[in-house]
Amino acid sequence: DTAVSQTPKYLVTQMGNDKSIKCEQNLGHDTMYWYKQDSKKFLKIMFSYNNKELIINETVPNRFSPKSPDKAHLNLHINSLELGDSAVYFCASSGGTGTSGYTGELFFGEGSRLTVL
Amino acid sequence: AQRVTQPEKLLSVFKGAPVELKCNYSYSGSPELFWYVQYSRQRLQLLLRHISRESIKGFTADLNKGETSFHLKKPFAQEEDSAMYYCAASGNTGKLIFGQGTTLQVKP
């Protein structure tokens, strides 16, 4: 059973296109995240949702729009892709948030490698 | 500003040698500190957290509030320890901030 799954694993596209990455977790967690790992392997948080509500929104271009249809899913849509968007995008989930049951243990997906040409 | 720093991008040691992966943090309040590990072709996963004061796979990490450090140590490195290690810090907002990561390479 895959706990946190992302699709697609690999995505190659042209500049200016719009693409989406999907994430699903079957752990029953309330909180989900998107992280970006750049070419230097630096992991940076982008967004976090708790029970479909946006709770963390870092300084990310408006071209990036997360959507959480339910607490088990968190999708990432990217408009007008740019070369600098090439990275590995990781989805993660955790039980609880803030002071409500948060343990700091995130469960990560395998990552989605986006290459913009 | 909240920040986690891992000064070494790559640490290369021989099997059986001691290992210390350095981590320093700059965080308001009393953050929780963690070490995450990513083995080749595997997901990033939690290795240990400071509040548990546990030893996992022979690794330990001590929180030094005076030096704002949380270095990861193992007395005798094994080849299977080769991986990417991330130090991370979290406050009570649930935002986990990662350091830049250190690749540990254990040579036979």
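Every chain is numbered from 1, with letters handed out A, B, ... down the list of sequences. In this text, all values refer to a predicted model and were calculated from it rather than measured experimentally.
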| remark: CD of Glu105(A) to CD of Gln45(B), rounded to nearest 0.5 Å, is 9.5 Å

| said: Distance check, rounded to the nearest 0.5 Å: Lys95(B) atom NZ versus Tyr33(A) atom OH? | reply: 11.5 Å

| Taking everything shown except Lys71(A) itself, do over 12 heavy atoms lie less than 6.0 Å from its NZ? | yes

| task | Give the C-alpha distance, both sets of side-chain angles, the deciding distance and a yes or no for side chain to side chain contact (heavy atoms under 4.5 Å, CB included) between Tyr36(B) and Leu106(A). | result | CA-CA 9 Å; Tyr36(B) 276 75; Leu106(A) 268 56; 3.7 Å; yes

| said: For Glu53(A), I'd like to know if atom CD has over 12 heavy atoms of other residues, nucleotides or ligands within 6.0 Å. | reply: no

| said: If hydrophobic clusters are built by linking Ile, Leu, Val, Met, Phe, Trp and Tyr wherever their side-chain heavy atoms come under 4.5 Å apart, do Val60(A) and Ile45(A) end up in the same one? | reply: no

| Measuring from Phe98(B):CZ to Tyr35(A):OH, what's the distance to the nearest 0.5 Å? | 5.0 Å

| field | Atom group of Phe90(A) that falls short of 4.5 Å from chain B, counting heavy atoms | value | side chain

| query | Does CZ belonging to Phe76(B) count more than 12 external heavy atoms closer than 6.0 Å? | reply | no

| query | Where does Ile56(A) contact chain B at under 4.5 Å (heavy atoms): side chain, backbone, both or neither? | reply | side chain

| said: Does atom NZ (Lys107(B)) have a neighbourhood of more than 12 heavy atoms from anything else shown, all under 6.0 Å? | reply: yes

| field | Side chain proximity check, Lys9(B) to Lys41(A), heavy atoms < 4.5 angstrom | value | no

| said: Would a single hydrophobic cluster contain both Phe70(B) and Leu104(B), if residues Ile, Leu, Val, Met, Phe, Trp and Tyr are joined by side-chain heavy-atom contacts under 4.5 Å? | reply: yes

| said: Please classify the contact of Gln100(B) with chain A as side chain, backbone, both or neither, using a heavy-atom distance under 4.5 Å. | reply: both

| query | Given a strict heavy-atom distance threshold of 4.5 Å, which part of Gln38(B) is in contact with chain A: side chain, backbone, both, or neither? | reply | side chain

| Do the side chains of Arg43(B) and Val4(A) get nearer than 4.5 Å, heavy atoms only? | yes

| note | Interatomic distance, CG@Leu96(B) vs OG@Ser48(A), rounded to 0.5 Å, equals 10.5 Å

| Residue Arg3(B) excluded, over 12 heavy atoms near CZ under 6.0 Å | no

| What do you reckon, is CG of Asp70(A) surrounded by more than 12 foreign heavy atoms closer than 6.0 Å? | yes

